[in-house]
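Let me begin by presenting the structure, written as structure tokens, before commenting on it.
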Amino acid sequence: MAQPLNAEINKFKSFLEGLFYQRWGSMPLVTAASPGRVNLIGEYTDFNLGFVLPMALDREIYVAGSPRNDRVLRVYSADYSEQFEFNLAELNKVPPKSWVAYVAAVYSALMSEGYNVTGADLIVQGNLPQGTGLSSSAALELAVARVAAAHGGWAWDAPAMALIGQMAENRYIGVQCGIMDQFAVAVGTPRSALFLDCRSLNYESVPVNFEEATFVIVNSGVTRQLHTSGYNERRKECDQALKMVQTLAPQAASLRDATFEHVEHFKAESAIWYKRLRHVVSENQRVQDAVKALRKGSAPEFGALMLESHRSLAEDFQVSCPELDILVRIASELDGVHGSRLTGAGFGGCAIHLVDRSQLDSFASKIALKYNRATGLNAQVIPVEPGKPARLI
Ligand code: GLA
């Protein structure tokens, strides 16, 4: 899909304004747009304070809102046709497994950090597939924060708001995620991927312009939720790996400080933590190599790193699933495909592929057909371009 045209964004905006007027009898004060993200490479390195290379997407979530002069939040989702109403003093009463929990979690995090928040009427809608590893939750969190900032009258500080989004997940949703998703959504820059150092939060925009190839996402159709997947368990296993590394290097503060020498030292280990260690150390290196390949515009080099990343995620970190492995295998047998890997947390969701533009049509039809034959599932092919960060529209 091309960069979302302003016309497309305006269409969403007018639709939400119309809906807002219909439900609540006035026009919204502001509307925010917030992109999903796809991670090009660097999986499970963020909470180990290493490197990641995500890209904000041209698929977004939109939130229209007006402040209220009481402490009530009324939130309607046009996607779910569902409305919730609660008081800011009773955010813990919000249904924990529902989409609205993310709205409440952002308000809770903002209040705990002392931001001035007002009651509000909000309407949410998006064109970003949910539960597929494209960060629909981070997109919703940052859109809500953007609207809350406008209502509360404080300046928008994108990195600080990314940390609020992460806090919302860690403290209130119960997912011990790292900073990648929220940072990519809050800070992502047009036409570029974001090379982020998750320890210092220093980042660089790296233009995505392979001469012949482009990224294509394929949704496996297997949905998962992070709080029910093995995500938090992986985080604990990484903590265990860190303890082992610290027996050799007591100064190591995170797995970011682990080296290939440490991997080599423990190579006789058959323990789970060793495999996790090997993935994290090698994935951090792959991100740095991938940035070089991207700067050179070398699709073959970038693609080879994607394949290696998938192998490591499937075998060492064990967060793939049969359907994602099948997608990657089928893709690598098709013409014009430089590389493929699962993207995001895994356990289902999407794979990302680097495909020659000249082969895009045949890639889309062949992968859908072969995947359906192999699994009985319908793959959804989603060509993507880099998008814009969370903002008012
Ligand atoms: C999810 C989390 C991120 C990151 C990825 C895996 O998307 O929200 O913080 O850990 O999984 O790379």
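Treat the numbers as computed from the prediction; the structure is a model and nothing was measured. Both backbone and side-chain heavy atoms feed into the values below; hydrogens, waters and symmetry mates do not. One-based numbering, in listed order, for ligands and for the atoms of each.
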Please table the atom pairs, donor to acceptor, closer than 3.5 Å between any side-chain atom in residues 113-124 and protein atoms at least two apart or in another chain.
| from | atom 1 | to | atom 2 | distance (Å) |
| --- | --- | --- | --- | --- |
| N116 | ND2 | G152 | O | 3.2 |
| D121 | OD1 | R68 | NH1 | 3.0 |
| D121 | OD1 | R74 | NE | 2.9 |
| D121 | OD1 | R74 | NH2 | 3.4 |
| D121 | OD2 | R74 | NH2 | 3.0 |

Do any N/O atoms on G344 end up under 3.5 angstrom from N/O atoms on ligand 1? no
Ligand-side contact atoms (ligand 1) for residue partner A345, heavy atom cut-off under 4.0 Å: 1 (C), 11 (O)
Please report whether ligand 1 has a polar contact with Y231, defined as an N or O pair separated by less than 3.5 Å (distance criterion only). yes
Does a salt bridge link E60 with R391, judged by any charged N lying under 4.0 Å from a carboxylate O? yes
With a 4.0 Å cut-off on heavy atoms, is R37 in contact with ligand 1? yes
Which of parallel (below 30°), tilted (30 to 60°) and perpendicular (above 60°) describes Y44 and F317? tilted
What pairs meet the salt bridge (charged side-chain N to carboxylate O under 4.0 Å, His left out) rule with one or both residues in residues 13-39, with sequence neighbours excluded? R37-D181
What I want to know is whether D46 and ligand 1 share at least one N or O pair that is separated by under 3.5 angstrom. yes
Report, in ascending order of atom number, the atoms of ligand 1 lying under 4.0 Å from any heavy atom of G178. 9 (O)
For M180, the ligand 1 atoms with a heavy-atom partner under 4.0 Å come out as 4 (C), 5 (C), 12 (O)
Before giving the answer on salt bridge (Lys or Arg N to Asp or Glu O under 4.0 Å), spell out for E233 and K236 the whole-Å C-alpha distance, their side-chain angles and the decisive distance to 0.1 Å. CA-CA 5 Å; E233 197 182 299; K236 283 195 199 124; over 6 Å; no
Specify whether F210 and F215 have parallel, tilted or perpendicular ring planes, treating 30° as the upper limit for parallel and 60° as the lower limit for perpendicular. perpendicular
